Amino acid sequence: MSTDGGHQSAMSPAPEAHHQARPQGGRRRDPEVGRAALAAALRVYAREGWSRFTFESIAKEAQVGKPGLYRRWDTPLDLLFDALAQLELPIPRDRGSLRADLVDYGMQYIRWFEKDEVAGIGARLEMDRRHNPALRQHYDERARHPRLAAEQGVIDRAVGRGETTRPDDVRLVIDMMLGALGVRWDFRHARHIAQEVNEFPSYVERVVALAMAGLTNAELPAGRPAAATNPPDQTTRPAATVKPRRASG
């Protein structure tokens with residue numbers, strides 16, 4: 001796993017040869033057909049999921065002939081795997097400190113969330129991999145396992161730098177951060193996407209600061225002032241005056 005600061009995609013190419021590298025024969029292939037098919041595959045999968053992911057739907061979306069797809073990929077699943085390898089999924093990188101690693105990791109989700117097509121693919125994968133063993137194996141090998149290994153790298157580096165002696169708590173901090181970012185985006189992006197993209201960086205910073213405060217027992221850095229909330233009115237009201245009842249008779 002690269003830690004040189006360059007972008008490293010969690011959905012890295014599989015070690016085996018790509019399906020597009022099948023032996024060629026006959027006329028020369030048009031590289032534009034392959035590129036159009038890969039882009040169309042991502043759009044179709046984000047929109048329709050696995051149940052309607054077929055060579056026919058991809059060819060129609062890409063406006064290419066089906067024979068061109070059959071010559072490049074054996075099955076729609078092979079095509080999907082190669083298309084998913086084009087994605088740049090968020091993955092932790094070494095930025096020199098635990099805080100910097102976490103902020104950088106969180107910031108990557110801005111690019112991921114702001115494109116509905118890409119975010120939709122993530123949601124589809126979470127559902128489809130539960131019912132498709134081949135897709136689940138691919139997702140685990142080329143996305144989930146590399147991401148978990150990179151997150152473990154964040155933990156190991158933090159311990160090695162002497163930033164913490166509580167590795168399990170660093171894992172909890174990562175989970176808290178990812179959970180907070182996902183929930184905020186799911187509930188707010190649909191109506192305020194432009195505003196959310198602008199505010200997301202400061203939100204990431206604040207979430208990381210709050211999570212790490214508990215980990216390091218440090219004071220919270222100055223952040224955006226929280227919106228003022230009016231506490232329940234605790235003012236003691238004067239007791240009601242009860243007038244004495246006049247005696248009758």
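These numbers come from a predicted model, not from an experiment.
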**OP:** Mind telling me whether W50 and F53 have parallel, tilted or perpendicular rings, with 30° and 60° as the class edges?
**Re:** parallel
Original post:
Does the side chain to side chain contact (heavy atoms under 4.5 Å, CB included) test come out yes or no for F200 and L181, once each step is laid out?
Top reply: CA-CA 9 Å; F200 205 69; L181 300 185; 3.9 Å; yes
Original post:
Is atom CD of E126 surrounded by more than 12 heavy atoms (other residues, nucleotides or ligands) closer than 6.0 Å?
Top reply: yes
Subject >> Within 6.0 angstrom of R52 CZ, more than 12 heavy atoms from elsewhere >> reply: no
Please find the pair of heavy atoms, one from [X] and one from [Y], that lie closest to each other, and give the distance.
X    : Y    : result
A59  : G65  : CB-C, 4.3 Å
Q108 : P90  : OE1-CA, 3.2 Å
V64  : A36  : CG1-CB, 4.4 Å
L135 : R129 : CD2-N, 4.2 Å

Close side-chain approach of [X] to [Y], heavy-atom, < 4.5 Å:
X    : Y    : value
L84  : L42  : yes
D101 : R157 : yes
Y203 : V207 : yes
H131 : R136 : no
L38  : R35  : no
E205 : R99  : yes
F81  : R142 : yes
Y105 : L178 : yes

Original post:
Looking at residues at least two apart in the chain, or sitting in another chain, which of them share a side chain to side chain donor-acceptor pair (under 3.5 Å) with T164?
Top reply: none
**OP:** First locate atom CG of D175, then atom CD of E151, and finally report the distance between them rounded to the nearest 0.5 Å.
**Re:** 7.0 Å
Subject >> Test log, rule side chain to side chain contact (heavy atoms under 4.5 Å, CB included), inputs M177 and L102 >> reply: CA-CA 8 Å; M177 180 189 76; L102 294 177; 4.2 Å; yes
Original post:
Short question: side chain of E163, backbone of L98 - any donor-acceptor pair under 3.5 Å?
Top reply: yes
Original post:
With no hydrogens and no angle check, is any side-chain donor or acceptor of R72 less than 3.5 Å from a backbone partner on G68?
Top reply: yes
